[in-house]
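Here's the structure, in structure tokens; my notes come after.
Since this is a predicted model, take the numbers as computed values, not measurements. The chains referred to below are lettered A, B, ... by the order of the sequence lines, with proteins before strands, and numbering in each begins at 1.
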Number of protein chains: 2
Amino acid sequence: MKKKLSIVDIANSLNVSKTTISFILNGRAQEKRIGAELVERVLKFVEEVGYKPNPLAKSLRTGKSNIIGLMVEDIANPFFASIARLIEDRAYNNGYKIIYCSTDNNTEKTKDLIEMYRDRHVDGYIIAPPEGIEDDINSLIKAGFPVVLFDRNLENVNADYVVVDNLFSTYNATRHLISQGYKNIAYVSFLSSQAQLTQRLQGYKNALKEYNLKPIVKEVLFNRDNDVIMEPIRTFLKKRKDDIDAILFGTNHIGVCGLRLFSELGIKVPDDIAVVSFDDYEVFQLFTPPISAIAQPIVQIADNVITTLLSKLNSPVKDKSVKTITLSTELNIRSSSAPAKSNVVPV
Amino acid sequence: MKKKLSIVDIANSLNVSKTTISFILNGRAQEKRIGAELVERVLKFVEEVGYKPNPLAKSLRTGKSNIIGLMVEDIANPFFASIARLIEDRAYNNGYKIIYCSTDNNTEKTKDLIEMYRDRHVDGYIIAPPEGIEDDINSLIKAGFPVVLFDRNLENVNADYVVVDNLFSTYNATRHLISQGYKNIAYVSFLSSQAQLTQRLQGYKNALKEYNLKPIVKEVLFNRDNDVIMEPIRTFLKKRKDDIDAILFGTNHIGVCGLRLFSELGIKVPDDIAVVSFDDYEVFQLFTPPISAIAQPIVQIADNVITTLLSKLNSPVKDKSVKTITLSTELNIRSSSAPAKSNVVPV
DNA sequence: CTGAAAGCGCTAACAC
DNA sequence: GTGTTAGCGCTTTCAG
């Protein structure tokens, strides 16, 4: 096992100062007017012996770690997992590694995590922020760390955001259901004051209002255990299933829980209840009947997030300007929201 | 913004040597017989000012980074994402952070990744290894790094493994199909010489052999693009769908591709073709009809992986012994493999 | 153009 | 019991 060599080793072998080596390796040879021949020789030798600067030492010295902290709600959720995958690729291609964690939307946990990342000298942050984390994020920003938030807005945090147009998405989806002839449209989602969820709720309400329809909202508490999530929805469905002719689900997670209950309770889609869910997902495409869904542009989200972060990371001057990128979703209409048996209303 | 303080700062403030601080903070006060009163005072002060040792400096000095490298095939695959989630929790609870990456089963990419991790002084490795990576893993082990492999075995690599009993799983699933009266059972999977896949194929063949049935195997190349995966399967199904009465899918990914094609080609499950797939997954549970699946014990896998790694990480003496943990799967029988219309064979 | 030397913050021999 | 000091490997100022 060949011992790991350091910059001094190679400096000695070449009878050159380690400063020179450092300059050459960091591409500052030109600037420092180091002889082309020497540069050549050093590079060749370094290549030959496979020398690699110790990134830890480098980090200690420069304060940069080349690590990006990625904080999502739950890495096992396909929406976040897909985004993580896309971000990973771009980050690695740009010389950054990713440390990830799942916040579970838990504020305290997230605070700890941010602190840990900070201790670790993470260079930049990509966060799907839980509620109540505003101060911590602001302090990150004030300390000069590049931060990109996604999936949801935070009030009073002046950061870069990549989000989708939640309000219009559910507004549009609800109108779609109305135009298909549904009149008693329920909205089932998680109870939360997070921006993306309140907006989705609002979009739904706005559409109903236009048509003078009455909102039927069922919000449940988030829980890591699906059974706990399903229980209140089960009760709700049992009680109300005959008054309701359509449901809009606020997230993929809750949508899947809903579908499970449909099977269990013998509810037929779309004859008994028509369905649209937020987030598109394999399950929705393959379900019988296929479920109409509001597809978030995952690739674009990931792309914008990482592009924004990398540009902040690479810009030598601290650019204090922030931007909010709002992407639009696509309503994938499938048979779960086929026209109602009764009658169709032009919209 | 309060400047980050270092160990000297707090040593100075307290008029104590930084060595003493270091000892106290590392719990070696007793051993070094440092006055209980002083220890108290230091701890209190450190707490008060919120001092945190710089982990980078610590790493540089000690060579330990408290980071675990997690290499999976694809973090967006629900099987790996779920495992990543479980591993993450345990790692963080034990003071370790996780750097992840997706290998895409690409040997060259994985080699690079291992090298990167090594440069980064990752303390331990959790890897779902691609083919051809044996030498690199062996060199990792020889260099004394704790390595836990999972999901698949590597010949000639003497490491700790956490795997499932692939051979018995498909053997058992195939027998199940036979017992339900199916006779022309195809096996559709990825073409690969990775142990988990060859074993799955073998289990299928073994079962057929016992009943003198002829194997019908379709193996396709892996590709990140689903359409490319589906194309050869589409051709296969079109040509053979009338000779086949059941299919066993080798992975969740290929199973989902298969299901998509069934819809497209109008193949009815289980009347035209009965189905069992490796890996259980929401899509399979919610599909109509629900798809029988070989469920891997995800929680147990993750648990064994991280427990094994942590114990290696914490054991002061380099334990050269390795163990292979083989977990058993569960065959979740659902209506996709209901008894064949024709006749049922006792098994 | 090149080199000496001063740290980055921490640990751990080795004195005192 | 406590303090001095020498690094871990690298970057970067400042002299030559």
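- With sequence neighbours excluded, the residues that form a side-chain contact (heavy atoms from CB on, under 4.5 Å) with A:Asp119 are B:Lys4, B:Lys52, B:Pro55.
- For the pair A:Asn26 CG and D:dG9 P, the computed distance is 17 Å after rounding to whole Å.
- A:Gly63 comes within 4.0 angstrom of no nucleic acid atom, judged by non-hydrogen atoms across all strands.
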Quick one: side chains of residues 81-89 of chain B, donor-acceptor pairs under 3.5 Å with protein atoms, not counting sequence neighbours, listed by atom name and distance.
unit_1  : atom_1 : unit_2   : atom_2 : d
B:Ser82 : OG     : B:Pro78  : O      : 2.7
B:Arg85 : NE     : A:Asp74  : OD1    : 2.7
B:Arg85 : NE     : A:Ser102 : OG     : 3.3
B:Arg85 : NH1    : B:Asp89  : OD1    : 2.7
B:Arg85 : NH1    : B:Asp89  : OD2    : 3.0
B:Arg85 : NH2    : A:Asp104 : OD1    : 2.2
B:Arg85 : NH2    : A:Asp104 : OD2    : 3.0
B:Glu88 : OE1    : A:Ser102 : OG     : 2.8
B:Glu88 : OE2    : A:Ser102 : N      : 2.4
B:Glu88 : OE2    : A:Ser102 : OG     : 3.4
B:Asp89 : OD2    : A:Arg224 : NH1    : 3.2

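- Note on residues 58-71 of chain B: pairs passing side-chain hydrogen bond (donor to acceptor under 3.5 Å, both in side chains), not counting sequence neighbours, are B:Ser65-B:Asp123.
- Atom pair B:Leu5:CG and C:dC8:C1' shows a separation of 15 Å (rounding to whole Å applied).
- In terms of phosphate contacts, B:Tyr51 brings a side-chain nitrogen or oxygen within less than 4.0 Å of OP1 or OP2 of C:dC10.
- The side chain of B:Lys58 has C:dT11 as its nearest neighbour among C:dT11, D:dC10, C:dA12.
- Ranked by how close their nearest DNA chain C nucleotide is to the 5' end, A:Gly35 and B:Leu25 are led by A:Gly35.
- Nearest to the side-chain atoms of A:Thr20 among the listed nucleotides D:dC8, C:dG3, D:dT11 stands C:dG3.
- For B:Glu108, the side-chain contact (heavy atoms from CB on, under 4.5 Å) test picks out B:Asn106, B:Lys111, with sequence neighbours left out.
- Of the side-chain N and O atoms in B:Ser22, none sit less than 4.0 angstrom from OP1 or OP2 of C:dC10.
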What protein N or O atoms touch nucleotides 4-7 of chain C N or O atoms at under 3.5 angstrom, if any, and at what distances?
unit_1 : atom_1 : unit_2  : atom_2 : d
C:dA4  : N6     : A:Thr19 : OG1    : 2.7
C:dG7  : N2     : A:Arg61 : NE     : 3.4
C:dG7  : N2     : A:Arg61 : NH1    : 2.6
C:dG7  : N3     : A:Arg61 : NH1    : 3.2

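- Between the C1' atom of C:dG9 and the CG atom of B:Leu60 lies a distance of 9 Å, rounded to the nearest Å.
- In this structure, B:Leu38 atom CG and D:dT2 atom C1' are separated by 9 Å, rounded to whole Å.
- Remark: C1' of C:dA12 and CD1 of B:Ile7 are 12 Å apart, rounded to the nearest angstrom.
- A salt bridge between A:Glu37 and A:Arg41 is present, with a side-chain N of the basic residue lying under 4.0 Å from a carboxylate O of the acidic one.
- In this structure, A:Lys52 atom NZ and D:dC8 atom P are separated by 21 Å, rounded to whole Å.
- The nearest whole Å value for the distance from the CG atom in A:Asn66 to the P atom in D:dC10 is 15 Å.
- We find that A:Glu73 and A:Arg152 are joined by a salt bridge, their nearest charged nitrogen and carboxylate oxygen being less than 4.0 Å apart.
- Considering only residues two or more places apart in sequence or on other chains, A:Tyr117 meets the ring pair (Phe, Tyr, Trp, His ring centres under 6.0 Å) condition with none of them.
- Distance, A:Lys32 NZ to D:dT12 C1': 8 Å, rounded to whole Å.
- The residue A:Ile34 sits close only to the backbone: its heavy atoms come under 4.0 Å of sugar-phosphate atoms, none of a base.
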